[in-house]
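Have a look at the structure below before the remarks.
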Amino acid sequence: MSATLTVRRPELPPSLAAFKKLGNEELVRSIESAKAELGKSLVILGHHYQVDDVIRFADFTGDSFKLAREAADVEGCRWIVFCGVHFMAETADILTRPEVEVILPDLSAGCSMADMADRDSVRDAWQDLDSIVGADDILPVTYMNSTADLKAFCGRHGGIVCTSSNARAVLEWAWARKRRVLFFPDQHLGRNTAKAMGVPLDEMIVWDPHEELGGNDEAAIRKARIVLWKGHCSVHQMFLPEHIDAFRARDPEVRILVHPECRMEVVDKADVVGSTEGILKVLREAPAGSRWAVGTELHMVNRAAKAFPDKKIDFLSPMVCLCATMYRIDLPHLAWALDELRQGRVVNRIQVDEDTAHWARVALERMLAVK
Ligand code: 13P
Ligand code: SF4
């Protein structure tokens, strides 16, 4: 007898279901009037990967670093509505005053890379490393794209957070204190940054949390300057070196601009590497008539192509590379969350418990102090 599996889709709250039935014009009107009513008590933060329809309502846009700074500096507001993903909203909650409530319009807007490292497997790796090289010799560094738990782990163990825009400065900070670094969850950002700083590849190891000693022997662990967690971004791993070759074969003058979450073989071939904010700055300041192929999320590249029409800006991959989770923050979710706020109800609040928030803040503040 075969068992029947019934997959139940979570029910939408009725008020959200009603917003899902509205057309774009009604949604836009609803968002505009809620924003006007809520005034300065509301701040909307938007990451560059958001779709055009949503990002146009953001009071501040930026990369993860800039948005963390905006959240830390924001004054006089009661609510932050974060049009980004879960780890960004957690960071905003950690960095804001306790009375500020942070809202993520769709709770399923996560980050697949952040999900690749969890507290228990990082703790197990740390214990293994401690038994071989001693925890006194190693410092944990987490990429911003990680849960608050892991940021707190770094805070408790003398470690620090980094983003794609300050990874080099943060690694300098870390190596000034300890001989080795455990870097999670993005192996590519860690490898690309360490390589650019002159660390040889044979002093980097990959730690696979599903393998004994991360898949390494003791000698390799003792030799390692940086232990790279086996995590990646499913969007950025779609860019391949052959995409760069194909662009250059068609146009030898084209400049290649990529995010450091791309694999090393892509970053090595690129002309410029930068965070999302960095990529936009390069494109903004590029001479008119210059031609670019850009390796990062599609919505942002398309928007840049429209914003800077005097340059030719193409998407690097022949495939569609979207951040599917960011994309979940759509007009109905934003309109719904704001309408609930207008009626005095906070939906989808992101709240980090006090102890975790304390230690995560320690690691984040170390990062914000690094120049
Ligand atoms: P940035 O900090 O460069 O915006 O990157 C965040 C991110 O998730 C890229 O995939
Ligand atoms: Fe996470 Fe990749 Fe999306 Fe960035 S693009 S939020 S790393 S899944």
Side-chain angles (χ1 to χ4, degrees), residues 47-49 62-67 111 113 141-145 161-175 181 183-201 204 206 226 228-229 231-248 251-287 290-301 303-305 308 311-317 319 321 323 367 370-371:
H47 186 265
H48 290 308
Y49 292 165
D63 61 8
S64 308
F65 181 74
K66 193 171 161 206
L67 292 173
C111 164
M113 176 203 283
V141 177
T142 188
Y143 187 25
M144 183 68 100
N145 301 30
V161 179
C162 76
T163 71
S164 56
S165 62
N166 61 17
R168 186 184 181 118
V170 166
L171 282 181
E172 273 164 11
W173 183 96
W175 276 318
V181 163
F183 190 95
F184 42 87
D186 186 18
Q187 58 172 303
H188 300 297
L189 177 66
R191 184 181 295 108
N192 290 326
T193 312
K195 190 175 177 206
M197 294 168 76
V199 177
L201 289 178
M204 304 184 199
V206 175
I226 185 162
L228 303 164
W229 197 260
H232 63 265
C233 166
S234 44
V235 179
H236 288 90
Q237 77 159 4
M238 312 246 295
F239 299 103
L240 300 174
E242 45 269 39
H243 300 154
I244 300 181
D245 297 340
F247 261 97
R248 288 198 173 129
D251 177 2
E253 297 295 307
V254 70
R255 308 265 293 154
I256 309 292
L257 175 53
V258 301
H259 195 277
E261 286 175 15
C262 293
R263 64 187 79 216
M264 179 180 75
E265 295 76 8
V266 168
V267 166
D268 282 352
K269 283 194 166 201
D271 297 298
V272 194
V273 183
S275 75
T276 56
E277 189 73 22
I279 288 173
L280 289 174
K281 182 170 188 292
V282 169
L283 293 174
R284 192 178 305 116
E285 292 171 1
S290 55
R291 299 186 294 283
W292 297 86
V294 184
T296 194
E297 208 265 353
L298 182 63
H299 289 110
M300 187 185 115
V301 179
R303 194 157 45 243
F308 311 121
K311 298 138 208 183
K312 185 170 182 322
I313 299 173
D314 285 312
F315 188 59
L316 179 60
S317 171
M319 267 100 66
C321 310
C323 179
M367 174 191 82
V370 167
K371 292 290 172 267

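For Leu298, the side chain to side chain contact (heavy atoms under 4.5 Å, CB included) partners are Asn302, Phe315, Val320, Leu322, not counting sequence neighbours. With sequence neighbours left out, His299 forms a side-chain hydrogen bond (donor to acceptor under 3.5 Å, both in side chains) with Glu297. With sequence neighbours excluded, the residues that form a side-chain hydrogen bond (donor to acceptor under 3.5 Å, both in side chains) with Glu285 are Lys281. With sequence neighbours excluded, no residue forms a ring-ring contact (aromatic ring centres under 6.0 Å, His included) with Phe65. Pro287 pairs by the side chain to side chain contact (heavy atoms under 4.5 Å, CB included) definition with Ser290, not counting sequence neighbours. Scored by the ring-ring contact (aromatic ring centres under 6.0 Å, His included) test, His236 finds His259 as partners (sequence neighbours excluded). A search for salt bridge (Lys or Arg N to Asp or Glu O under 4.0 Å) contacts involving Arg248 returns Asp271, not counting sequence neighbours. By the salt bridge (Lys or Arg N to Asp or Glu O under 4.0 Å) test, Arg303 pairs with Asp52, sequence neighbours left out. Every residue meeting the side-chain hydrogen bond (donor to acceptor under 3.5 Å, both in side chains) condition with Ser275, not counting sequence neighbours, appears here in chain and number order: Asp63. Residues passing the side-chain hydrogen bond (donor to acceptor under 3.5 Å, both in side chains) test with Arg168, sequence neighbours excluded: none.
Across all non-hydrogen atoms, the minimal contact from Ala304 to Leu283 is CB-CD1, 3.9 Å. When all heavy atoms of Phe239 and Val294 are compared, the pair lying nearest together is CE2-O, 4.3 Å. Across Val267 and Pro260, no two heavy atoms sit closer than the pair CG2-CA, 4.4 Å. The minimum heavy-atom distance linking Val181 with Ala174 is given by the pair CG2-CB, 3.7 Å.
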- Message: Evaluate Asn145 against Asp186 for side chain to side chain contact (heavy atoms under 4.5 Å, CB included), listing each step before the verdict.
- Response: CA-CA 8 Å; Asn145 301 30; Asp186 186 18; over 6 Å; no

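Considering NE2 of His232 and CE of Met113, their distance stands at 8.5 Å, rounded to 0.5 Å. Atoms CD and CD, on Gln187 and Gln237 in that order, are 9.0 Å from each other to the nearest 0.5 Å. Taking CD1 of Ile256 as the start and NE2 of His243 as the end, the distance is 11.5 Å to the nearest 0.5 Å. Atom-to-atom distance recorded for His47:NE2 and Lys66:NZ is 11.0 Å, nearest 0.5 angstrom. Here the straight-line distance linking atom CD of Glu253 with atom CZ of Arg291 works out to 6.0 Å at 0.5 Å rounding. Here CG of Leu240 is found 8.5 Å from CG of Leu316. Values are rounded to the nearest 0.5 Å.
Proximity of a side-chain donor or acceptor of Lys311 to a complementary backbone N or O of Arg284 within less than 3.5 Å is detected. Within the 3.5 Å criterion, the main-chain N or O of Cys262 finds a donor-acceptor partner in the side chain of Asn192.
Residues Ile279 and Met300 are in side-chain contact: their nearest non-hydrogen atoms beyond the backbone lie under 4.5 Å apart. Met367 has its side chain within reach of Thr163: a pair of non-hydrogen atoms, C-beta onward, lies under 4.5 Å apart. Annotation: side chain of Val141 is in contact with side chain of Val170 (closest heavy-atom distance under 4.5 Å). By the 4.5 Å heavy-atom criterion applied to side chains, Leu201 and Arg191 are counted as neighbours. Contact of the Ile313 side chain with the Phe308 side chain is registered, since non-hydrogen atoms from C-beta on lie closer than 4.5 Å. For the pair Leu189/Cys162, a side-chain contact is recorded, criterion being any heavy-atom separation below 4.5 Å from C-beta on. With a 4.5 Å cut-off on side-chain heavy atoms, Thr193 and Phe183 do not count as touching. Inter-residue side-chain proximity for Thr296 and Tyr49 is flagged as met; some heavy-atom pair is nearer than 4.5 Å.
Every pair tested for ring pair (Phe, Tyr, Trp, His ring centres under 6.0 Å) that includes a residue from residues 262-285 fails, sequence neighbours excluded, so the list is empty. Residue pairs meeting the salt bridge (charged side-chain N to carboxylate O under 4.0 Å, His left out) criterion with at least one member in residues 261-270, sequence neighbours excluded: Lys195-Asp268, Asp245-Lys269.
If you check the side chains of His48 and Glu277, you find a donor sitting under 3.5 Å from an acceptor.
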